[in-house]
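Predicted model, so just to flag it, every value in this text is computed and none were measured. Note on naming: letters A, B, ... go to the chains in the order of the sequence lines (proteins, then strands), and numbering restarts at 1 for each one.
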Number of protein chains: 2
Amino acid sequence: MVRAKVGEIDRSNSADKVEKILLGAMQQFLVHGYAATSMDKVAEAAGVSKATVYSHFQDKEGLFRALIEKLARKRFHSILGTQGLVGEPYIVLRRLAKTALEQMVNDQEYQAFERLLIGESARFPELAQVFILSIAKPAIETISKYLASRTELKIPDPEATARILIGSLVHFVMTQEIMHGKDIMPMESDRLIDALTHLIVNCAD
Amino acid sequence: MVRAKVGEIDRSNSADKVEKILLGAMQQFLVHGYAATSMDKVAEAAGVSKATVYSHFQDKEGLFRALIEKLARKRFHSILGTQGLVGEPYIVLRRLAKTALEQMVNDQEYQAFERLLIGESARFPELAQVFILSIAKPAIETISKYLASRTELKIPDPEATARILIGSLVHFVMTQEIMHGKDIMPMESDRLIDALTHLIVNCAD
DNA sequence: GTCTATACATGGATAGAC
DNA sequence: GTCTATCCATGTATAGAC
């Protein structure tokens, strides 16, 4: 066992254990889902004993809730990135769609998180709502405000249009990556991006 | 035990048992997910013994695969219904969007099916692909062909546009119903339908 | 706080009678 | 083909030593 040298602060303290447990829990729950994850495997992945897990979290459900809430906080605003939405619609919307798609397609953790939340949304409805409140809602609001600000687009309902934009992108990743459709129903991201920006930008009548 | 009268054919035969088992399996898997469903509960829900379940299906995985394939076949073309896509775009697209949304919102079995497939899409990628091939792909193709046939819409990429349309609708149901967002982030279906038809129909420049 | 060892329940799968 | 009874592995959770 590695131990802190004399004079150094021992960092193997309780708070660190909690972090290690949450990290182990993340690896297991994201890969295997809630029911198929065992507390033994969580403890093993975290490098602590099972009793230690139970000393920090009431039970499996409590650990799961704590993990999901932590992940949702971490991902707050992450789909859009922190790019400010200012400038010409054609440029801004293209970049937005392109960035969001790239982020989601290349982020295996995001995809596993979606699988987990949707799969458990019947058993844990409040956790699905945590996701909605911390990720989906802010994204819709940000895009909605931008669309409303560009009056030349003449969009009658910016919020509904923001949902169309985000829904198209998220659902594309859902079918192509999460549900493994890209091999049997392929489509280049750019085609979706082109069609989306065309619909929104060229639609001012 | 109810038994067939003399002269009648005994319908409690093997084929019926298979049906009963699949029905019980459906109830359990759709509600609890794959891992949290036990073969005991399946047998109980089906009204047969566990050994009978194992005499018709190799193991839990085999039963699950058989069930998903059956459900996917049953739902072939179900989202769009069997409505023919002919007529004025404004009318056709509105009716299409309205019907699809109503179907999905009111069909708890569809929502449970989506939860299950997405939740298990890492463990059972081929089953997610069965869903794509039997439901998503035909829907995209049908709408894509319709959009291409209406040349007055001047849609540069009908297939990409079809994906935008379907993605918006499915994702709307995903956030509002499946992930329980309707209470914390409400929006009338009609606003989405209006915004969608406006984008697609009024966009011919 | 942390560990080892264990209690207790449940789950997947099968043996053997009918 | 179908049932009851059972085997054995695994899972959640805790008791008790340090």
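- As judged by a 4.0 angstrom heavy-atom cut-off over every strand, D59(A) is placed among residues touching the sugar-phosphate backbone only.
- Classification of K137(A) and E141(A) as a salt-bridged pair holds, one side-chain N sitting under 4.0 Å from a carboxylate O.
- Between S49(B) and the phosphate of dT4(D), there is no side-chain N or O to OP1/OP2 separation shorter than 4.0 Å.
- Straight-line distance from the OH atom of Y34(B) to the C1' atom of dG11(C): 12 Å, rounded to whole Å.
- Proximity note for D40(A) (side chain, C-beta onward) versus dT12(D), dT2(D), dC3(D): the nearest is dT12(D).
- In this structure, the NZ atom of K60(B) is 14 Å from the C1' atom of dA9(D), given to the nearest Å.
- Side-chain contact check for I143(A) versus E159(A): every heavy-atom pair is 4.5 Å or farther apart.
- Dashed line: the shortest gap from a side-chain N or O of T52(B) to OP1 or OP2 of dC3(D) is under 4.0 Å.
- No side-chain heavy atom of V130(B) sits under 4.5 Å from any side-chain heavy atom of E126(B).
- Considering only heavy atoms from C-beta on, F124(A) stays 4.5 Å or farther from I68(A) through its side chain.
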Contact list (N/O, under 3.5 angstrom) for nucleotides 14-18 of chain D vs protein:
none

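- Remark: P of dT12(D) and CZ of F57(A) are 15 Å apart, rounded to the nearest angstrom.
- OP1 or OP2 of dT2(C) has at least one side-chain nitrogen or oxygen of K17(A) nearer than 4.0 Å.
- With respect to E88(B) and R150(B), a salt bridge is recorded, a charged nitrogen being found less than 4.0 Å from a carboxylate O.
- The pair R65(B)-D59(B) does not meet the salt-bridge criterion, since no charged nitrogen lies less than 4.0 angstrom from a carboxylate oxygen.
- Contact annotation: S38(A) does not reach the phosphate of dT10(D) (side-chain N/O to OP1 or OP2, under 4.0 Å).
- Rounded to an integer number of Å, the gap from CD of E44(A) to C1' of dT10(D) is 14 Å.
- Separating the CD atom of E61(B) from the P atom of dG11(C) is a distance of 18 Å, rounded to the nearest angstrom.
- A heavy-atom distance below 4.5 Å is found between the side chains of I155(B) and I200(B).
- Taking atom CE of residue M39(B) and atom P of nucleotide dC8(D), one finds them 20 Å apart after rounding to whole Å.
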